Amino acid sequence: KLHVQVYPDCVQVCREGGQPWKIALDGTSGYAEYEGLMVLSAPGKGLLAIPQRAVEPGVLADVQAMLVAGSRPQAEED
C-alpha cells in the first residue's frame with residue numbers, strides 16, 4: 001500500500017513500513033493523464049500512477065493543477 005502526498009514543490013511517496021521518497025515538481029518529471037490515471041514519469045525513479053478515484057473529489061482539481069504546473073507534458077505514445 002502506498003501513501004501519496006502532493007505538495008506544490010514535490011510528490012512524497014511512502015510505502016507502508018518503508019522510507020518516503022520524493023518526486024520533485026520542478027519541471028524535470030513528465031506528466032500525463034490516461035484513462036483515469038495521473039501518471040508521473042520521474043527521471044531515475046520510474047513511473048508513479050495515481051488513480052483519480054483515489055483522490056478526494058474536493059481536491060482533485062488542485063492536485064491536477066499542482067502536477068501540471070510542476071512537470072512537463074508527457075506525450076502519449078501509441
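Not measured: the values here are computed from a predicted model.
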Taking a hydrophobic cluster as the set of Ile, Leu, Val, Met, Phe, Trp and Tyr residues connected by side-chain heavy atoms closer than 4.5 Å, whether directly or through intermediates, do Leu48 and Tyr7 fall within one such cluster? no
Sequence neighbours left out, cut at 3.5 Å: what donor-acceptor pairs do the side chains of residues 15-29 make with other protein atoms?
unit_1	atom_1	unit_2	atom_2	d
Asp26	OD1	Thr28	N	3.2
Asp26	OD1	Thr28	OG1	2.6

Pair Val6, Val59 - check side chain to side chain contact (heavy atoms under 4.5 Å, CB included), show working. CA-CA 11 Å; Val6 180; Val59 298; over 6 Å; no
Only pairs at least two apart or in different chains count here, so list each side-chain hydrogen bond (donor to acceptor under 3.5 Å, both in side chains) that has a residue in residues 51-66. Glu33-Gln52, Glu33-Gln64
Report yes if the side chains of Ile50 and Val63 come closer than 4.5 Å at any heavy-atom pair, otherwise no. no
Check side-chain contact (heavy atoms from CB on, under 4.5 Å) between Ala49 and all other residues, then give those that pass, not counting sequence neighbours. Leu37, Val39
Atom of Met38, atom of Val55 and distance for their closest heavy-atom approach: CE-CG2, 3.6 Å
Under 4.5 Å between side-chain heavy atoms, hopping through other hydrophobics if needed: is there a path connecting Leu60 to Leu40? yes
